[in-house]
2 protein chains.
Amino acid sequence: MQGARQRARGEITEAIKEEARRQLAEQGASRLSLRAVARELGVASSALYRYFPSRDDMLTALITDAYDALGGAAEEALADAESAGDSHLVRWLAVCRAVRGWSLAHPHEYALLYGSPVPGYAAPSTTIRPAARAALAMLTVLSDAYAVGALRAPARAAAAPEAVLGDTERLVAQLEVPLPPAVAAEAVAAWAQLFGLVGFELFGQFANVIDARDAFFDHAAERLADQVGLRR
Amino acid sequence: MQGARQRARGEITEAIKEEARRQLAEQGASRLSLRAVARELGVASSALYRYFPSRDDMLTALITDAYDALGGAAEEALADAESAGDSHLVRWLAVCRAVRGWSLAHPHEYALLYGSPVPGYAAPSTTIRPAARAALAMLTVLSDAYAVGALRAPARAAAAPEAVLGDTERLVAQLEVPLPPAVAAEAVAAWAQLFGLVGFELFGQFANVIDARDAFFDHAAERLADQVGLRR
DNA sequence: TCAATATCGAGAGCGCCGCTCACCCGTCCC
DNA sequence: GGGACGGGTGAGCGGCGCTCTCGATATTGA
């Protein structure tokens with residue numbers, strides 16, 4: 001049986017990622033060095049290449065895990081709010097807060113996910129699904145609200161243009177989230193805008209501008225909820 | 001007179017920045033190397049240290065310039081819209097489009113400004129003023145609209161909490177922009193959210209989600225205008 | 001005018017980095 | 001039992017940021 005070998009390989013891979021994650025959290029992606037990871041693991045640097053073809057691939061593995069952690073935090077917050085019987089608005093706020101909370105707790109991971117794309121330009125396809133989890137949590141809140149009539153559809157005049165609705169129609173079909181395309185369009189915008197708020201706070205753009213960070217974020221998240229049509 | 005030396009020094013500094021900017025635009029900040037700049041300039045790498053104490057300081061110089069370029073683009077768009085007699089809503093859209101346009105045209109510079117903070121964590125104080133220019137253009141639109149009564153003040157119930165209003169009151173005083181703190185709070189949020197939209201588009205988060213990028217952005221910018229109280 | 005001084009570029013070198021390669025050894029499979 | 005193979009080692013390549021010494025040149029002041 002080759003199970004032993006594969007199990008060992010999996011464990012070592014995990015140990016490498018763990019140490020890499022530690023260094024990433026401490027000093028950021030730019031200072032994460034494969035050699036330092038190997039040194040800390042008491043192993044020759046060349047040995048790591050048996051597990052990751054390059055430093056970028058190691059980073060990609062960390063990216064996937066980070067997306068999963070963020071998505072997990074969002075999903076957990078949603079599940080808690082659901083089981084607590086919170087309103088859809090409160091669920092929305094809970095998911096937003098979870099995204100911000102995870103990001104503040106893991107700034108370097110956040111930077112890895114939503115900061116400058118480090119290697120090339122296109123994210124590897126393996127990161128797509130994990131990356132969607134947080135967004136999906138937001139959409140879930142909305143579709144649940146929509147199902148029970150707790151969602152105000154955008155006025156006809158305020159709806160997104162046709163071309164956009166085509167995109168979001170395809171999107172809701174792909175994700176199997178029952179939601180009118182016009183609402184989905186607002187949701188996508190809110191999704192991007194949420195990360196704008198978080199990113200600005202995290203990367204220091206709010207220095208000397210906003211001190212009451214928590215209150216400011218909560219208020220902005222409420223405005224986002226309003227924008228996507230969640231009734232107050 | 002020491003003028004000749006100083007002039008030469010200024011010209012060389014500019015040449016270094018120009019070459020660095022070229023490499024930044026081509027390959028991004030992470031691949032910008034001081035040695036490559038020196039090589040391209042036909043000079044020993046150690047010579048550059050007479051002009052910039054470190055690679056990070058060179059990057060900081062580029063950051064300042066990039067903020068100025070972005071701010072200039074925003075201001076120019078605003079000035080054009082003003083002289084064309086456009087409505088305040090259209091001016092707002094013009095500034096938003098200018099920010100997006102510049103960013104799409106200079107992705108690596110954008111990443112340098114709003115992506116992961118590369119070196120430490122705090123931006124040098126010399127970058128603060130240039131960084132504010134684009135934001136100031138947005139605030140200017142709003143204060144002009146407010147002065148002529150073209151701004152809908154947020155409803156009392158929808159206003160930001162007290163702590164936030166304290167921050168934004170200080171902000172409008174510092175920037176000398178005559179604007180109610182409640183409006184300024186929405187403006188700051190819109191500012192961050194605008195860069196969320198731009199950043200997501202630029203960093204590939206919209207891949208397989210939104211194809212009609214222009215239409216989507218315009219629509220989102222209109223919704224932002226609505227959020228800050230600009231009358232349709 | 002001439003010596004003291006300041007400025008600047010060159011080049012060697014240090015310790016990192018990512019990555020490759022030849023080599024070796026233990027384990028598994030036939 | 002022997003060969004293939006996975007996985008570890010260590011040397012080494014080229015590149016990086018950065019430092020230091022040294023000589024050349026320009027500026028300055030007596």
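Below, all heavy atoms of this structure are taken into account, side chains as well, without hydrogens, waters or symmetry copies. Note that the coordinates shown come from a computational prediction; the quantities given were computed from them, not determined experimentally.
For A:Phe52 and D:dG7, the CZ to C1' distance is 15 Å, given to the nearest whole Å. Rounded to whole Å, the distance from CG on A:Leu48 to P on D:dG6 is 18 Å. The CZ atom of A:Arg31 sits 15 Å away from the C1' atom of C:dG15 (whole-angstrom rounding).
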Could you list the protein-to-nucleotides 4-6 of chain C atom pairs, N/O on both sides, closer than 3.5 Å?
none

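At least one side-chain heavy atom of A:Gln227 sits less than 4.5 Å from a side-chain heavy atom of A:Gln193. At least one side-chain heavy atom of A:Asp211 sits under 4.5 Å from a side-chain heavy atom of B:Arg170. No side-chain heavy atom of B:Tyr110 sits less than 4.5 Å from a side-chain heavy atom of B:Leu104. Between A:Arg55 and A:Leu32 the shortest side-chain heavy-atom distance falls below 4.5 Å.
By the 4.0 Å N-to-carboxylate-O rule, B:Glu201 lies close enough to B:Arg100 to be salt-bridged with it. Residues A:Glu18 and A:Arg21 are not paired through a salt bridge, judged by the lack of any N-O separation under 4.0 Å between the basic side chain and the carboxylate.
Ring to ring, B:Phe200 and A:Phe195 are close: their centroids are under 6.0 angstrom apart.
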When every nucleotide of nucleotides 8-20 of chain D is labelled 5' to 3' by its protein contacts under 4.0 Å (heavy atoms), B for base, S for sugar-phosphate only, - for none, what sequence of letters results? BBB-B---BBBBB
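Qualifying side chain to side chain contact (heavy atoms under 4.5 Å, CB included) partners for A:Glu222, counting only residues two or more places apart in sequence or in other chains: A:Leu93, A:Arg232.
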